[in-house]
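In what follows, every chain begins at residue 1, and chains take the letters A, B, ... in the order their sequences are listed.
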Amino acid sequence: MIKRLTDWLDHRTGYRDLMHEALNEPIPGGAKWRYVWGSTLTFTFFVQVITGFCLWMAYSPSATSAWESVYYIQYHMLFGWVVRGIHHFAAQAMMILLMLHLMQVVIDGAYKAPREVNFWLGLVLMQIVMFLGLTGYLLPWDQKGYYATRVATEIMGSAPLVGPYMQQLMQGGTSYGNHTLTRFFALHAGILPAMLVGFLALHIYVFRRHAIHTHSEVSVTSSKVFSIACVVIAAGIAIAKYFKLVSFPPAYAIAIIFVVLGFFAFLFGRKGKPEPESRFWPDQVLKDGVACLAVMAAILGATMYWHGAELTAPANPSEAYSAARPEWYYLFLFKFLQFEFVSQWGEMTHLGEALGAIVIPGILFGILALMPIIAYFRLGHKFNVAYLWTMIGIAGALTGIAYYEDWYGDTEEGRDFRASVAEAHRDGHRTVELAMSETGIPPEGAATLLANDPLTQGPKIFEQYCLSCHQTESRFDEFEEKPQAPGLADPANREEIFFGSRAWTQAVLTDFGGHFSSLANITGERAEAAQAILEGSMKDWSDSNAEVLTDPENKDDYKALVEFLYTQSQRPDALAPDDAVVQRGQEIFVSGEMTKGSIDACVDCHSMHALTTQGEGNLLKFVLQEEPLSEDLQPVLTGYAGTEWLKNFIANPQAHYAGEYGNNAMPAFESQLSEHDLEMVSRWLAKDYYIAPATASHDAKPADDAPPAEDEAKEAANAE
Amino acid sequence: MTDPSDHGSTAHQDDMRRGFLFKFSAALVGGLSAIIPVAFGGGFFLTPLLKKKKGGEDGDSFLMVGSTDSLTPGGPPRAFRVSGTKTDAWTTYAEAAIGSVYVSMNEAGNLSAFNATCPHLGCTVNYKADANSYICPCHDSAFKPDGERTNDIPPRPMDSLEVEIRNNTEVWVKFQNFRAGTSEKIPV
Ligand code: FES
């Protein structure tokens, strides 16, 4: 039955001949592991097509929906992070496999006549794949991809004559935006893959025409020589470093890279056992299949290990990102461009940036393309192999240096890089948290979530406007001036606010003079007010009442008073206004009566309209009591250290807080800060921002399993 | 064993067996590596079917659609637009149009409400005052003011919705959509 059906089909399509043709390819010298690279590349491309089509069905290319749809893929779709992770890591795998394929072809001399054209086809394919990587990197529209890709298009723009036009065509305009995404997406998902399929078909067709090439004796020797040279160089560097002959920091990293290169060269240089001729099916297919499975396992392993591909904060042109780096396979070029001599040569030749980024790589690539011609000459092949290894060696070393400097270098730039990466991680994490909150992602896009998040924006504003006076202890040495006011919070440790905390209130109550001692550093016109504070009535109050407050018998009362004040700020960890402790605190605030002795009542000087509860269950809220405890007095303690109080205070401390008779040495900020900035910094200091509940379920959790190197960097950055 | 022909045939059989083993494992290994991305991709593709829809737990899901002032007892139904928070994949719209309802008041002052979506194939039905009935512009489904069908085109009467008056004049409707084309009223 089946036989008749297949006969029927064969009669009409001739598929058997086709299959025979495709699979019965003879392989002189037997099936070999070294021939698997081409097949693994085709396989990886297949993986990219499958996962790419899936992602396509969920991706939306626009400036307000690209990041958002990728977020949706990553955190809400079934296997979303796996599919995206596979796509991401398969792209990396493709670059590695391309390198190995190229090495095998050059070292084995498989590019030589009559296979020149196929070698060139292969180089075209390589360019397409690299371009696919470049275009794909932008699509998530996160800070990392955005800034890295901008560098790439700027480089394109630096090309002589046509550069700026090319850049505009690529970007769909003079700047990045919706059209950049639609164009990159069309390239990445349509044009480039179509070209790749076309060239791949040609490549395989021409390859079949000439049959497989068995590797030559020459390559075996040259690879061995190179392998030994690598080890010698590596040993040399390591010894020199050990005896401190060189002061080059990443010397060991480079030595290791040379050892790895040497190992590969050794593998390539091994002479295969001559075997009887075999066929593509099934001998080579089995080897290819095993290799593909290994590649797939590696991709999947990487995906699981790093929990898919990273998604940093949404792209934001107004938010600098000092960790902009291209994908690792462009890193050598990035490093090369950083060398001063490259820029100097660029200036000398009037080519500028284009020299290092386009002309020199172009020439080097040109030599690669000329290899089949060079091989016509005696020693040509040896030159080619040596050239390839040299290029790989240099690129490897540059990559190693760049990597080392970024992740381990104890330099200003290295630390900045790691801090920026940590920040990008943190912001990405925060955006995801906010996107998962009740409010979700607004139609304006996720970038607004971060822009309106007090936890993210508050510390930045604080750093700019407040920190020079309200210095954080850990950063005293960064400032020339001495602190002029007590520290309130550390922008680098943004979840801990000292201002308005229980410890803060205790310090104000029992150690007013010490707590505000930095006010003495104020000079100029505000000095008088500062002095008045340090010698004022609150200082006296603190001095005379501290003893009663700190009396062991009054321990609970003192705590209650502090809790009462803390509750007014409505911070997330504050007690409810109807809590017994808070109620007791209120009594003391009003009467001053303690278990042992008494203090001068707070209401004598401060106005206070305390909180109470209203409604219950879901509708429970805190409102002001009907009757204020005291009014028309200043400083105002109503809602002390809460959002509203802080907003009013920062806007104009004298008017809101100190009043006509009181003293305040802090300048008003209403003219310096926008309404939005004021709100952000106030809400941050009052801890009035969204706090994600601790989640347990797997796919509702933002992935923070960053690569280990980055984790270390995070720690290093935090330790700074 | 001395017979050369015998020896040859064993070797041949060995070869055959070896060949089959090779072919089998080659196909297995190749298939296995291909199936991994396809399996994950398949699950990804099927997300809309496999992933449970969440939401709908907040509050009683009643939405305010308008005021009783615009209704007359025993008068014609009035169309109200329903807007509320809507999450469309990754975007959450705070105030989005999510549908429309017909609300009418009977002589006794009680309200009744229908989803304006036609139970036939999902067009929005019109209320024709001159005919005093709901008529769908797409395939002429017709309904009486109480929602009953007057022809056999629609599979079921119009979809009634729970409706309440709150704070004296506010009309609140528990808005829901139902599957089109079925005789049963199945919420989607
Ligand atoms: S959709 Fe209303 S009649 Fe068909």
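Heavy-atom distances place both the backbone and the side chain of Val290(A) under 4.5 Å from chain B. Residue contact with chain B, scored on non-hydrogen atoms closer than 4.5 Å, involves the side chain of Phe43(A) exclusively. Residue contact with chain A, scored on non-hydrogen atoms closer than 4.5 Å, involves the side chain of Ile36(B) exclusively. Neither the backbone nor the side chain of Thr87(B) comes within less than 4.5 Å of any heavy atom in chain A. Both the backbone and the side chain of Ala58(A) come within less than 4.5 Å of a heavy atom of chain B. Looking at Ala89(B), both its backbone and its side chain come within 4.5 Å of chain A, counting heavy atoms on both sides. Of the two parts of Thr439(A), only the backbone, made up of N, CA, C and O, holds a non-hydrogen atom closer than 4.5 Å to a non-hydrogen atom of chain B. Contacts between Leu300(A) and chain B at a heavy-atom distance below 4.5 Å involve the side chain alone, from C-beta outward.
The shortest side-chain heavy-atom distance between Ile73(A) and Trp90(B) does not fall under the 4.5 Å cut-off.
In this structure, Arg78(B) places its CZ atom where only 12 or fewer heavy-atom neighbours from other residues, nucleotides or ligands lie under 6.0 Å away. Annotation: Tyr15(A), atom OH; neighbour count of heavy atoms from other residues, nucleotides and ligands within 6.0 Å is above 12. More than 12 heavy atoms of other residues, nucleotides or ligands sit less than 6.0 Å from atom OH of Tyr690(A). Other residues, nucleotides and ligands contribute more than 12 heavy atoms inside 6.0 Å of the CE atom of Met57(A). More than 12 heavy atoms of other residues, nucleotides or ligands shown are found within 6.0 angstrom of CZ on Phe178(B). Applying the 6.0 Å contact sphere to CZ of Arg16(A) captures more than 12 heavy atoms from other residues, nucleotides or ligands. For Asp69(B), the CG atom counts as densely surrounded, since its 6.0 Å shell holds more than 12 non-hydrogen atoms of other residues, nucleotides or ligands.
Here Met77(A) contributes atom CE and Leu46(B) contributes atom CG; the two are 10.0 Å apart, rounded to the nearest 0.5 Å. A distance of 9.0 Å separates CG of Leu293(A) from CG of Leu28(B), quoted to the nearest 0.5 Å. Rounded to the nearest 0.5 Å, atoms NE2 (His76(A)) and OG1 (Thr47(B)) are 12.0 Å apart. Interatomic distance, Ile441(A) CD1 to Tyr93(B) OH, rounded to the nearest 0.5 Å: 11.0 Å. Here Leu286(A) contributes atom CG and Leu21(B) contributes atom CG; the two are 9.0 Å apart, rounded to the nearest 0.5 Å.
Taking every heavy atom of both residues into account, Pro443(A) and Thr91(B) meet most closely at CA-CG2, 3.6 Å. Nearest heavy atoms, Ser33(B) versus Gly289(A): OG-O, 4.1 Å.
Of the listed residues (Gly445(A), Ser39(A), Ala435(A), Ser65(A)), the one with the most heavy-atom contacts under 4.5 Å to chain B is Ser65(A). The most heavy-atom pairs under 4.5 Å with chain B, out of Val47(A), Val82(A), Val295(A), Thr64(A), come from Val82(A). When the candidates Ala96(B), Pro37(B), Gly42(B) are compared by the number of heavy-atom contacts under 4.5 Å with chain A, Pro37(B) comes out ahead. The candidate from Ser60(A), Ser69(A), Cys292(A) with the greatest count of non-hydrogen atom pairs under 4.5 Å with chain B is Ser69(A).
Here the rule is side chain to side chain contact (heavy atoms under 4.5 Å, CB included) with Phe40(B), and of Ile86(A), Thr51(A), Leu78(A) only Ile86(A) fits it.
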